[in-house]
Number of protein chains: 2
Amino acid sequence: MSLPHALLTSIAEKPCSGYDLARRFDKSIGYFWHATHQQIYRELGRMESQGWVISTEVEGGRAGKKLIDILPAGRDELRRWATESSAPMRLRDDMMVKLRADAAIGPLGLAEEFERRLQMHEQELQTYREIEQRDFSGVLLSHEQQLRYLILKAGITFEESRVQWTKEALQVLSKKSATD
Amino acid sequence: MSLPHALLTSIAEKPCSGYDLARRFDKSIGYFWHATHQQIYRELGRMESQGWVISTEVEGGRAGKKLIDILPAGRDELRRWATESSAPMRLRDDMMVKLRADAAIGPLGLAEEFERRLQMHEQELQTYREIEQRDFSGVLLSHEQQLRYLILKAGITFEESRVQWTKEALQVLSKKSATD
DNA sequence: CCACCCATGTAACTAGTTACATGATTTC
DNA sequence: GAAATCATGTAACTAGTTACATGGGTGG
């Protein structure tokens, strides 16, 4: 469970409102840690009652808008969590189940869905490549930039391997329908 | 939500007990769809009350042992689910969060954990490669075998990209500590 | 003045994890 | 006869999703 730690990280980078956090979890951070706004508000409530963050009503902004900032206890907790070891994420891919289902009770005509997935992965890869060009094409990157680049590269290599694999899958699936 | 469909697939491959399913979800199927035995028994109960599977007490076996088999309605449901389109899984990787935390409030000394992860990914890759040698080194593979091979290849390419990326991450992390 | 974005939340449900609990059979 | 494995389950909790709800501010 590390949603609170993902939130702490984001707040440590830049204090903001819950709404802003939700938007960040729809793009940058959301690429590797998704959360809905409902989850975020609930978690922020818990984190505040634990003394990890503090929220203050913003004067100039819209009614009810709060600025969330990290507290020393939150920083400590983030440090503690980041340095402790953890289990790697588990893959969970329904396409694998579908392939096995196809082998067991098929054929099920999975090619169409694989084509769709291929497009999605290629689209995602292109998005990452554009970010790469825009933010990391400089010759000298600071250490912080290199760390951020690493994260992007994880996304790039993942999508690349997905694209490659999906094409292979399509070949196998088309071979079958050709001989049917 | 596709645990029931993963279960249906496994039962369609070969009817078995809940215990056997739990073991399968600890190895083959578990590589891309994890579930604990508690989840499995609960889900089996639901599936039986929906008429997707049927369980019959085994005479010769241990007391209470049940043989689960798929029913026509279960097959239909599996087919329906497999042919409908679905959203690709979301990545969820705490190492990415930790890297960002390191950039924001670091350095946190993440190299040790990355070394550990590297070993795990290399170990996993080796396991997959052994299965590849054992089961798919033949020249001619049937269509079913090719589908199963595809699933294994997804694991292989994933772990390969993980290994490669983790090495890159270690380089960036060591560069920093060298200049500290 | 209407639509869209900002901004907050509650409630109910579904899925997944952890802890607890029991008892039979096989193997050493 | 003790330990490991087979075999089933319940209870309680945590995390994640979906639906519902409200209201202010900005731009066309």
Side-chain angles (χ1 to χ4, degrees), chain A residues 1-8 10-11 15-27 29-30 32-50 53 55-68 81 86-94 97, chain B residues 1-8 10-11 15-27 29-30 32-50 53 55-68 81 86-94 97:
Chain A
M1 199 273 290
S2 30
L3 174 57
H5 303 99
L7 288 169
L8 282 173
S10 192
I11 297 164
C16 62
S17 68
Y19 185 85
D20 292 330
L21 281 172
R23 272 192 314 176
R24 289 187 202 169
F25 274 74
D26 271 344
K27 30 186 195 72
I29 293 191
F32 53 88
W33 205 278
H34 172 81
T36 60
H37 88 268
Q38 293 85 344
Q39 246 182 306
I40 289 168
Y41 281 117
R42 182 169 53 184
E43 211 57 57
L44 283 177
R46 287 177 192 163
M47 288 160 73
E48 184 158 23
S49 67
Q50 286 199 269
V53 296
S55 71
T56 45
E57 200 97 355
V58 172
E59 306 293 283
R62 285 156 196 263
K65 178 167 181 176
K66 293 172 186 172
L67 204 261
I68 324 277
W81 170 81
S86 55
M89 62 156 178
R90 286 203 174 98
L91 279 184
R92 174 157 287 203
D93 195 335
D94 53 10
V97 180
Chain B
M1 203 273 290
S2 26
L3 174 57
H5 304 98
L7 289 168
L8 282 173
S10 193
I11 298 163
C16 62
S17 69
Y19 186 84
D20 292 331
L21 281 172
R23 273 192 315 177
R24 290 187 201 169
F25 274 74
D26 271 344
K27 29 187 196 70
I29 292 191
F32 54 87
W33 205 278
H34 172 81
T36 60
H37 87 269
Q38 292 85 345
Q39 246 182 304
I40 289 168
Y41 282 118
R42 181 169 53 185
E43 212 57 57
L44 283 176
R46 286 178 193 163
M47 287 161 72
E48 184 159 23
S49 68
Q50 286 199 271
V53 296
S55 70
T56 44
E57 201 97 356
V58 173
E59 307 293 284
R62 284 155 196 262
K65 178 167 179 175
K66 294 172 185 173
L67 203 261
I68 323 277
W81 171 81
S86 55
M89 61 157 177
R90 285 203 174 97
L91 279 185
R92 174 157 286 202
D93 195 334
D94 52 12
V97 179

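So that the names make sense, note that chain A is the first sequence line, chain B the second, and so on, each numbered from 1. Worth knowing before you read on, the calculation uses all heavy atoms, side chains too, and leaves out hydrogens, waters and symmetry mates.
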Within the 3.5 Å criterion, strictly below it, is a donor on A:S86 or B:D94 matched to an acceptor on the partner's side chain?
yes
Less than 4.5 Å apart, side chain to side chain, heavy atoms only: is that true for B:P4 and B:Q50?
no
Expected string for nucleotides 9-18 of chain C under the B/S/- scheme (protein heavy atoms, under 4.0 Å, primed atoms plus P, OP1, OP2 as sugar-phosphate) is BB----SBBB
Give me the one residue out of A:K65, A:E48, A:K66 that meets side-chain hydrogen bond (donor to acceptor under 3.5 Å, both in side chains) with A:S55.
A:E48
Shortest non-hydrogen contact from A:I11 to A:I68?
CG2-O, 3.6 Å
Distance check needed: D:dA7 P versus B:L44 CG, whole Å only.
14 Å
Tell me: CD1 of A:I40 to P of C:dA7, nearest whole Å?
14 Å
Under the rule for side chain to side chain contact (heavy atoms under 4.5 Å, CB included), what residues qualify as partners of A:A35, not counting sequence neighbours?
A:L3, A:F25, A:Q39, A:I40
By side chain to side chain contact (heavy atoms under 4.5 Å, CB included), which residues pair with A:T56, not counting sequence neighbours?
A:L67
For DNA chain C, which residues of residues 19-26 of chain A approach it to below 4.0 angstrom with any heavy atom?
A:Y19, A:D20, A:R23
For A:R46, the salt bridge (charged side-chain N to carboxylate O under 4.0 Å, His left out) test, sequence neighbours excluded, returns A:E43
Residues in salt bridge (charged side-chain N to carboxylate O under 4.0 Å, His left out) with B:R23, at least two apart?
B:D20
